[in-house]
Amino acid sequence: GLPARRRRPFSWTRLFRAAVPYLLILPVVAVIGVMLGYPLYKLVTLSFQQYQLAELIQQKGTWIGVDNSQSVLRASVFWDTLLRTVIFTIANVGLTMVIGTLIALLLVRVSTSVRVLLTAGLVLAWSMPVVVAVQVFYWMTNFQNGVLNYVLAQVGLVADQHNFYETTFSKLTMVTVLIVWGAIPFVTITVYAGLAQVPRELVEAAEIDGAGPLRVFRDVTFPVLKPIFLILTSLSIIWDFGVFTQPYLLIGASQLDETNYLMGVYVFLEGYGQSNFGRGAAISLLMLVIVAALSVVYVRRMVRMGDTA
């Protein structure tokens with residue numbers, strides 16, 4: 001028969017060497033666990049409580065189980081807002097990824113001086129505070145004295161003093177333009193950096209074989225940039241689904257109602273606007289589950305690509 005396999009004697013040195021990688025990442029894991037785990041724990045416990053102004057003063061909520069979640073799921077405004085936000089997110093993410101990628105491809109082809117100017121403009125747009133960007137954008141689109149209104153009226157595209165915030169669709173369109181404008185620089189710079197990893201010889205070989213720009217992008221460039229696209233899409237979904245500042249400030253608190261809510265605005269008005277913190281926590285948890293469901297496809301693809309790399 002086969003000789004018995006000898007067991008290696010126990011060694012504290014070998015055990016320590018095996019544990020070193022885990023000991024090195026332990027402080028990071030502990031900090032992240034405290035910073036993320038504790039707020040999530042408080043959010044979960046708060047969602048099971050009746051917690052309004054009286055409970056806030058007493059610093060003690062009343063346990064009501066899943067009543068908050070049930071009342072949210074039974075409300076038609078939640079489902080209307082969810083559908084509107086999903087469509088809004090798809091539109092914003094799609095426009096951001098397409099326009100950002102096109103500008104990144106343009107940066108590869110222009111001269112160095114033009115590339116520097118475009119990159120500087122993108123960085124300046126990216127660094128502008130959101131509140132400032134909202135105020136500038138609202139001034140430009142104001143129906144009374146906005147510069148955009150004036151220019152379009154001069155060329156005859158719109159009537160004088162056209163209200164860009166008249167309907168729900170037009171309000172969310174303006175919000176979309178502002179969000180996409182602010183998100184494009186990050187996508188463009190990231191994709192442009194990824195384009196440096198595309199082998200130039202493969203591109204030249206495809207062009208010699210007669211492949212057009214679309215074919216070269218599909219067969220050569222896109223497979224190399226696919227991990228970057230997955231990460232950018234996942235991040236964009238998370239950011240755009242829970243966006244709050246732009247719609248709240250641009251539409252205006254006085255103009256917000258159930259017909260133009262987005263999930264970020266909805267949870268704020270339910271939680272803080274009505275001082276119903278338990279109900280707001282329940283909506284936040286539902287948003288967390290929904291965002292995870294929207295992102296799971298991209299996360300699974302990233303994991304698979306990491307396993308096959």
Side-chain angles (χ1 to χ4, degrees), residues 32 35-36 39-40 43-44 72-73 77-104 122 125-126 130 133-134 168-169 171-194 221-251 260-271 280-307:
I32 294 178
M35 294 181 63
L36 298 181
L40 184 60
L43 183 68
V44 172
V72 170
L73 293 174
V77 61
F78 170 80
W79 297 106
D80 293 340
T81 303
L82 175 60
L83 177 61
R84 187 181 305 114
T85 306
V86 170
I87 297 174
F88 176 85
T89 302
I90 293 173
N92 278 264
V93 174
L95 289 172
T96 302
M97 295 300 300
V98 171
I99 299 175
T101 302
L102 291 175
I103 297 177
L122 291 170
W126 191 16
V130 176
V134 171
T168 298
F169 179 78
K171 290 174 183 176
L172 295 180
T173 299
M174 291 294 102
V175 175
T176 295
V177 173
L178 179 59
I179 291 176
V180 171
W181 172 84
I184 283 176
F186 177 70
V187 173
T188 298
I189 294 173
T190 305
V191 173
Y192 175 70
T221 306
F222 182 77
V224 177
L225 297 180
K226 189 175 180 180
I228 295 177
F229 285 136
L230 290 175
I231 294 174
L232 290 175
T233 303
S234 299
L235 291 175
S236 297
I237 290 174
I238 295 172
W239 293 336
D240 293 342
F241 186 85
V243 68
F244 167 75
T245 306
Q246 292 91 333
Y248 186 80
L249 294 180
L250 191 61
I251 296 176
N260 54 40
Y261 281 169
L262 296 175
M263 289 302 297
V265 175
Y266 176 56
V267 66
F268 173 80
L269 294 178
E270 288 289 327
I283 299 174
S284 298
L285 280 180
L286 292 173
M287 288 179 62
L288 179 63
V289 174
I290 295 168
V291 170
L294 292 174
S295 305
V296 66
V297 175
Y298 301 97
V299 174
R300 288 181 62 186
R301 288 184 179 180
M302 284 189 288
V303 171
R304 289 177 181 176
M305 293 180 66
D307 293 338

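The structure displayed is predicted, hence computed values, not measured ones.
Of all non-hydrogen atoms in F88 and L172, the two that sit nearest each other are CE1-O, 3.9 Å. Heavy-atom minimum distance, N260 versus R84: C-NH1, 4.0 Å. The two residues T81 and L262 come nearest to each other via the heavy atoms CG2-C, 3.6 Å.
In terms of the side-chain hydrogen bond (donor to acceptor under 3.5 Å, both in side chains) criterion, residue partners of T176 (sequence neighbours excluded) are, by chain and number, N92. W126 meets the ring pair (Phe, Tyr, Trp, His ring centres under 6.0 Å) test with F186; sequence neighbours excluded. For the ring pair (Phe, Tyr, Trp, His ring centres under 6.0 Å) test, residues two or more places apart in sequence or in another chain that qualify with F229 are F222. Residues passing the side chain to side chain contact (heavy atoms under 4.5 Å, CB included) test with S284 are L43, V267, sequence neighbours excluded. Residues satisfying the side chain to side chain contact (heavy atoms under 4.5 Å, CB included) test with I90, not counting sequence neighbours, are V86. Considering only residues two or more places apart in sequence or on other chains, F268 meets the ring pair (Phe, Tyr, Trp, His ring centres under 6.0 Å) condition with F244, Y248, Y272. Judged as a side chain to side chain contact (heavy atoms under 4.5 Å, CB included), and not counting sequence neighbours, the contacts of W79 are L73, L82. Residues satisfying the side chain to side chain contact (heavy atoms under 4.5 Å, CB included) criterion with T221, sequence neighbours excluded, are L195, V198, V216, F217, L225.
Separation of atoms OG1 (T188) and CE (M97) is listed at 9.5 Å; rounding is to 0.5 Å.
Each salt bridge (Lys or Arg N to Asp or Glu O under 4.0 Å) pair with one or both residues in residues 261-270, not counting sequence neighbours, appears once here: E270-R279.
For the pair L95 and I184, the minimum side-chain heavy-atom distance is 4.5 Å or more.
For the side chain to side chain contact (heavy atoms under 4.5 Å, CB included) with L178, the lone residue among V243, T173, T245, L250 that qualifies is L250.
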